[in-house]
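What follows is a short report on a single structure.
Positions are given from 1, in the same order as the sequence printed here. As a basis for the values below, the full set of heavy atoms in this structure was taken, side chains included, without hydrogen atoms, waters or symmetry mates.
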Amino acid sequence: MEVIIATLDELARLAAGAIEKLVRSRPDAVLGLATGCSPLPIYDELVRRHVEEGLSFAQATAFTLDEYVGLPAEHPERYLNVIEHEIAERVDFAPGAVHGPDGLAVDLEAACAAYDEAISAAGGIDLQILGIGTDGHVGFNEPGSSLASRTRIKTLTEQTRADNARFFAGDLDAVPQHCLTQGLGTIMQARHIVLIATGRAKADAIHQLVEGPVSAMWPAAILQHHPHVTVLIDNAAASRLQLADYFRSTYAAKPAWQGV
Ligand code: F6R
């Protein structure tokens, strides 16, 4: 696990750089995209590289991490719409190239199984962008999630619903109770995972992810078992790390050309 503590601008550049390197070497790459606030600076940087430097996603495919159950197709907070709005329609993904679990399916379990199959059929995810919840969730794998789980229906914790009420004009009742999420086992199959987190509210979750025991209480800690994870955090999110000075000196000594 590589942990980089830097400014938000630099974190966004590093993540966008990893995506650019992948997509330029393999234009038909498969990306895993997260919603939430944390990845937005990465998406803005990708858009800038698309507009100013010709970075193209025309042959790429993308899979979102999760989806609320029951939000109407046109709802602005439906995650497929969020991803369309924040990144897909701002670059040049081909129509239909961005996929999400179907939170409106009549048979939700079948939709989850179909989603895992679609990821496999696409060849698996090359690079997965992740955020992290204040309770240590990745995707919507809340505390207590099976560490081997596949895409499935989950019930959101009250904390996650309260955290996400900001996207629903502060109305907690408007936040759905259920979601479909890639499982931890699904996420672990991505070949490179890039997790971004900023702010003091994420410090406990980052401490548990990087330094805690691997436990379903802090689901993100399963990433300790992944061979290629990059954790991009600012000083505030790093504030509980015992190894923060080591991570800072390691990054300071890293050749600039190396990337993540
Ligand atoms: C989003 C997702 C969530 C968020 C997490 C952090 O698709 O699956 O795990 O990444 O809740 O959200 P932000 O970045 O808004 O703090």
Side-chain angles (χ1 to χ4, degrees), residues 1-26 29-57 60 62-66 79 82-93 98 125-134 138-139 163-164 166-167 187 190-203 205-206 209-210 220 223 226 228-239 241 244 247-248 250-260:
M1 180 177 283
E2 179 176 30
V3 179
I4 297 177
I5 304 167
T7 63
L8 182 54
D9 280 354
E10 187 162 6
L11 300 176
R13 275 198 302 275
L14 288 167
I19 294 171
E20 170 159 12
K21 189 173 162 198
L22 170 68
V23 171
R24 287 204 192 270
S25 67
R26 208 148 67 70
V30 181
L31 301 174
L33 301 176
T35 48
C37 293
S38 305
L40 296 181
I42 302 173
Y43 299 153
D44 287 345
E45 176 62 12
L46 290 174
V47 171
R48 188 195 67 73
R49 290 177 191 212
H50 168 69
V51 172
E52 295 177 14
E53 296 164 10
L55 177 62
S56 174
F57 298 86
F63 289 86
T64 64
L65 256 185
D66 37 27
Y79 279 167
V82 171
I83 288 292
E84 281 291 335
H85 180 69
E86 298 294 357
I87 173 82
E89 70 188 20
R90 298 168 69 202
V91 295
D92 60 346
F93 277 105
V98 180
I125 290 173
D126 292 306
L127 190 153
Q128 175 69 58
I129 299 288
L130 290 180
I132 187 169
T134 55
V138 287
D163 286 348
N164 285 7
R166 67 202 142 116
F167 298 115
I187 291 169
R191 287 182 268 278
H192 181 193
I193 293 176
V194 178
L195 184 146
I196 182 164
T198 56
R200 178 68 186 80
K202 302 290 176 71
I206 289 295
L209 154 64
V210 177
L223 299 181
H226 192 285
H228 192 186
V229 175
T230 307
V231 176
L232 301 173
I233 49 179
D234 67 356
N235 280 321
S239 59
L241 287 180
F247 295 135
R248 286 193 179 94
T250 302
Y251 182 55
K254 183 172 174 163
W257 50 263
Q258 204 169 12
V260 295

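Contacts of Glu86 classified as side-chain hydrogen bond (donor to acceptor under 3.5 Å, both in side chains), with partners at least two apart in sequence or in another chain: none. Looking at residues two or more places apart in sequence or on another chain, you find no salt bridge (charged side-chain N to carboxylate O under 4.0 Å, His left out) involving Lys21. Residues passing the salt bridge (charged side-chain N to carboxylate O under 4.0 Å, His left out) test with Arg49, sequence neighbours excluded: Glu20, Glu45. In this structure, the side-chain contact (heavy atoms from CB on, under 4.5 Å) partners of Glu10, at least two apart in sequence or on a different chain, are Ala6, Thr7, Arg13, Leu14, Tyr251. With sequence neighbours left out, the side-chain contact (heavy atoms from CB on, under 4.5 Å) criterion links Thr134 to Gln159, Asp163, Ala201, Lys202.
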Which donor-acceptor pairs under 3.5 Å do the side chains of residues 32-44 make with protein atoms, sequence neighbours left out?
{"unit_1": "Tyr43", "atom_1": "OH", "unit_2": "Ala34", "atom_2": "N", "d": "3.1"}
{"unit_1": "Tyr43", "atom_1": "OH", "unit_2": "Ala34", "atom_2": "O", "d": "2.7"}
{"unit_1": "Asp44", "atom_1": "OD1", "unit_2": "Arg90", "atom_2": "NH1", "d": "3.0"}
{"unit_1": "Asp44", "atom_1": "OD1", "unit_2": "Arg90", "atom_2": "NH2", "d": "3.1"}

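What you find for Ile5 and Ala238 is that their closest heavy atoms are CD1-CB, 3.7 Å. Here the closest non-hydrogen pair linking Asp92 and Phe57 is OD1-N, 2.6 Å.
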Going through the distances and angles, do His228 and Val194 end up as a side-chain contact (heavy atoms from CB on, under 4.5 Å)?
CA-CA 9 Å; His228 192 186; Val194 178; over 6 Å; no

With side-chain contact (heavy atoms from CB on, under 4.5 Å) as the criterion, how do Leu46 and Ile87 come out once you've worked through the C-alpha distance, each side chain's angles and the decisive distance to 0.1 Å?
CA-CA 8 Å; Leu46 290 174; Ile87 173 82; 4.1 Å; yes

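Here the CG atom belonging to Asp66 is positioned 6.0 Å from the OH atom belonging to Tyr79, to the nearest 0.5 angstrom. The distance from the CG atom of Leu232 to the CG atom of Leu8 is 10.0 Å, given to the nearest 0.5 Å. For the atom pair CD1 (Ile233) and CG (Leu209), the distance works out to 8.5 Å, reported to the nearest 0.5 Å.
Using modelled atom types, no side-chain atom of His226 and backbone atom of Ile187 make a donor-acceptor pair closer than 3.5 Å. Not one N or O on the side chain of Asp126 forms a donor-acceptor pair closer than 3.5 Å with the backbone of Ala190.
Donor-acceptor pairing under 3.5 Å is lacking for the side chains of His50 and Ser56. Using a 3.5 Å distance cut-off with no hydrogens or angles, the side chains of Arg200 and Asn235 do not pair a donor with an acceptor.
Side chains of Met1 and Val3 form a contact here, defined as non-hydrogen atoms less than 4.5 Å apart.
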